[in-house]
Amino acid sequence: MIFDIRNETMPRDELEALQLRRLQDLCHRLYACVPFYTRKFDERGLKPEQVRGLGDLRLLPFTEKDDMREHFPFGFLAVPQDNLIRIHASSGTTGRITVAGYTRRDVDNWAALMARSLAAAGAGRGDVIHVAYGYGLFTGGLGAHYGAECLGAMVVPASGGATRRQVQLMSALKATTLCCTPSYALHLYDAAREEGLDFHDKNVMPLKTGVFGAEPWTEEMRRDIEAKMRINAMNVYGLSEIMGPGVSMECLEGRRGLHIYEDHFLPEIIDPDSGEVLPAGQTGELVLTTLTKEGFPLLRYRTRDITSLDPSPCPCGRTHRRMDRILGRSDDMLIIRGVNVYPAQIEAILVETKGLSPHYQIQVDRVDNLDQIEVRVELAEDFLNSDKVRHLEALTRDLTRRLREFLGVTALVRLVSPRTIGRSEGKAQRVIDRRKI
Ligand code: DLL
């Protein structure tokens, strides 16, 4: 079903005219209200009036995640702060966090875009939408929640955790749509089997659709989930800096690529090394400009997500271009159980810890459909020679606790003897990711 027929099927020429008007308005707002952008425009000798066509987008400056970190927390605010009604943040609780603030209209727009996404997956009034994305600073839970309400469906705000109870709830309340990460969906499936709840028996588990995202997954994983749960497993994409889930979404008819809601977001694909805009169809880094956001609007935000754009018409009738599923990242960010983790965050904690050396390796595996992260780190020579060695257990415990506190994920910590982690002549191989995604 198409939730917003007028905007989702707008003829391309009309859509592009709307995008241009919104881009021009955005440039004026940013130039007047956000000193970061005033400076960037001035450095280029650019005035907002010089943006006369969508092609002029490439004259405008990029925005990087580091820019947002440097201007933490409110440097990108474009409205008086008392216009904000909500804050979300990207995962991680250290200084590397980035926040985004939403005005009333931002929250309403987001709800409508998530409602579009759920409708594209086949959900509507009368559906029971079980939301097992985490509620909190992470955008998954509340994003899906407001979208489900906007659609007029009934929402079950389960959030993450207590997996067995979740599957019982799904059966008791007759959930028809599940929103969570694809790996958690598989974990729910395993838990249901243990509870004797059969997804193939639609009287017990009437689930028909999954709206999965927040981490990379493959076509093989989709087939696996669909066969196990007998559902349509649909891909939803988004990021907290831009809005949250609902930036783009697959439709049932096409199922190849995710429609980017182009009346709200302007996509480009660039070469991540040179920053050059790539021609249609080529694979590169996705860059997004927010056309309607009021609180924290962003110009040419470098997502670091690798994909391509497909301008060909879709059988569903939506005119918004589609992006391929995310093929990778142009930086070293890992997504562990839906939480974004940078190796540099781990390194920062290790170097702060007395008794450790700077030689470490991060191993990521998927066990029983759940991500597991192990941090192996060498003890310092002088620690081994000291009488503190009997405190090894305490050191392991302390490090585990601090990694959990600062990263938001539980890592298995393994302290190893000096010089046991392989050295490399070039770049150290810090991360071994054994998940097949
Ligand atoms: O993950 C928002 C979200 C919540 C999306 C629920 C979908 C569903 P962040 O925590 O800021 O926001 O992480 C954003 O997650 O840049 C991608 O690298 C990755 N990501 C999100 N959706 C997908 C997806 C949320 N469908 C980062 N496929 C993004 C692959 C995804 N990667």
Side-chain angles (χ1 to χ4, degrees), residues 2-38 40-42 44-63 76-80 83-84 100-117 150 238-239 241-244 246-249 258-270 277 280 286-303 309 311 313-314 317-323:
I2 299 185
F3 179 75
D4 184 345
I5 282 275
R6 158 134 188 76
N7 286 304
E8 292 182 74
T9 63
M10 191 179 276
R12 284 298 307 180
D13 52 348
E14 222 180 286
L15 178 63
E16 282 165 21
L18 176 71
Q19 288 177 322
L20 178 59
R21 277 201 308 281
R22 289 183 168 172
L23 177 66
Q24 288 168 329
D25 169 62
L26 172 74
C27 289
H28 282 284
R29 282 190 287 137
L30 290 176
Y31 189 67
C33 306
V34 183
F36 171 85
Y37 287 116
T38 319
K40 290 275 183 183
F41 272 67
D42 288 346
R44 287 172 157 69
L46 251 183
K47 290 279 178 258
E49 314 54 83
Q50 283 170 265
V51 178
R52 297 197 185 91
L54 288 177
D56 293 333
L57 189 60
R58 60 186 73 193
L59 304 175
L60 303 173
F62 288 121
T63 312
F76 277 85
L77 185 64
V79 292
N83 286 16
L84 295 185
Y102 302 71
T103 64
R104 163 90 44 209
R105 184 174 295 163
D106 291 336
V107 168
D108 289 348
N109 279 340
W110 182 15
L113 294 185
M114 239 347 258
R116 284 188 195 179
S117 307
C150 177
L239 59 168
E241 290 84 358
I242 293 295
M243 182 180 77
V247 170
S248 64
M249 175 71 199
L258 296 78
H259 290 281
I260 302 178
Y261 296 125
E262 282 194 85
D263 46 339
H264 293 269
F265 310 106
L266 202 52
E268 298 168 274
I269 298 290
I270 63 163
V277 178
L286 177 68
V287 171
L288 291 168
T289 294
T290 67
L291 292 174
T292 51
K293 259 182 89 172
E294 294 181 336
F296 273 55
L298 295 178
L299 208 49
R300 304 190 83 199
Y301 181 70
R302 291 192 57 169
T303 65
L309 293 181
C314 180
R318 289 177 183 82
T319 49
H320 298 177
R321 280 175 293 175
R322 286 171 285 171
M323 59 181 242

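Partners of Arg302 according to the salt bridge (charged side-chain N to carboxylate O under 4.0 Å, His left out) rule, which considers only residues two or more places apart in sequence or in another chain, are Glu64, Glu285. Every residue was checked against the side chain to side chain donor-acceptor pair (under 3.5 Å) condition with Asn109, not counting sequence neighbours, and none meets it. Listed by chain and residue number, Ile2, Thr9 satisfy the side chain to side chain contact (heavy atoms under 4.5 Å, CB included) test with Ile5 (two or more places apart in sequence, or in another chain). For Leu20, the side chain to side chain contact (heavy atoms under 4.5 Å, CB included) partners are Gln24, Leu54, not counting sequence neighbours. Listed by chain and number, the residues in a ring-ring contact (aromatic ring centres under 6.0 Å, His included) with Phe76 are Phe36, Tyr37, His71 (sequence neighbours excluded). In this view, His259 satisfies the side chain to side chain donor-acceptor pair (under 3.5 Å) rule with no residue, not counting sequence neighbours. Checked against side chain to side chain donor-acceptor pair (under 3.5 Å), Tyr102 has no partners two or more places apart in sequence or in another chain. In this structure Arg29 satisfies the side chain to side chain contact (heavy atoms under 4.5 Å, CB included) test together with Asp25, Leu26, Pro297, sequence neighbours excluded. Scored by the ring-ring contact (aromatic ring centres under 6.0 Å, His included) test, Phe3 finds no partners at all (sequence neighbours excluded). Listed by chain and residue number, Arg12, Gln19, Arg321 satisfy the side chain to side chain donor-acceptor pair (under 3.5 Å) test with Glu262 (two or more places apart in sequence, or in another chain). Residues satisfying the ring-ring contact (aromatic ring centres under 6.0 Å, His included) test with Tyr31, not counting sequence neighbours, are Phe41. Residues that satisfy the salt bridge (charged side-chain N to carboxylate O under 4.0 Å, His left out) test with Arg52, not counting sequence neighbours, are absent from this structure.
Residues Cys33 and Val79 fail the side-chain proximity criterion, which asks for heavy atoms closer than 4.5 Å. Using a 4.5 Å heavy-atom threshold, the side chains of Val287 and Tyr301 count as separate. Counting heavy atoms from C-beta outward, Arg44 and Pro61 have side chains that approach closer than 4.5 Å.
Side chain of Asp106 to main chain of Glu294: a donor-acceptor pair is present (N/O by atom type, distance under 3.5 Å, no hydrogens or angles). Side-chain atoms of Thr319 come within 3.5 Å of backbone N or O of Met10 as a donor-acceptor pair. Between the side chain of Ser248 and the main chain of Leu258, no donor-acceptor pair closer than 3.5 Å is present. Looking at Arg104, its side chain never comes within 3.5 Å of a backbone N or O of Leu84 through a donor-acceptor pair. Between the side chain of Thr289 and the backbone N or O of Arg300, at least one donor-acceptor pair lies under 3.5 Å. Side chain of Gln50 to backbone of Lys47: a donor-acceptor contact under 3.5 angstrom is found.
Pairing each heavy atom of Val51 with each of Cys27, the nearest pair is CG2-SG, 4.0 Å. When all heavy atoms of Cys150 and Ala115 are compared, the closest pair comes out as SG-CB, 3.9 Å. Closest heavy-atom contact between Leu239 and Val247: N-CG2, 4.3 Å.
Atom-to-atom distance recorded for Met249:CE and Arg318:CZ is 9.0 Å, nearest 0.5 angstrom. Here OG1 of Thr290 is found 11.5 Å from CZ of Arg22. Values are rounded to the nearest 0.5 Å. Taking CD1 of Ile260 as the reference point, atom CE of Met323 lies at 5.5 Å (rounded to 0.5 Å). With values rounded to the nearest 0.5 angstrom, Leu291 atom CG is found 8.0 Å from Leu18 atom CG. To the nearest 0.5 Å, atom CD of residue Glu8 and atom CG of residue Leu15 are 11.5 Å apart. Atom-to-atom distance recorded for Asp108:CG and Leu113:CG is 11.0 Å, nearest 0.5 angstrom.
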Stepwise, does the side-chain contact (heavy atoms from CB on, under 4.5 Å) test hold for Phe265 with Leu286? CA-CA 12 Å; Phe265 310 106; Leu286 177 68; over 6 Å; no
Go through it in stages, so that I can follow the logic: the residues are His28 and Glu49, the test is side-chain contact (heavy atoms from CB on, under 4.5 Å), and I'd like the CA-CA distance, side-chain angles, deciding distance and then a yes or no. CA-CA 8 Å; His28 282 284; Glu49 314 54 83; 3.1 Å; yes
Walk me through whether Arg116 and His320 qualify under side-chain contact (heavy atoms from CB on, under 4.5 Å). CA-CA 12 Å; Arg116 284 188 195 179; His320 298 177; 3.8 Å; yes
side-chain contact (heavy atoms from CB on, under 4.5 Å) evaluation trace for Thr63 with Lys40: CA-CA 10 Å; Thr63 312; Lys40 290 275 183 183; over 6 Å; no
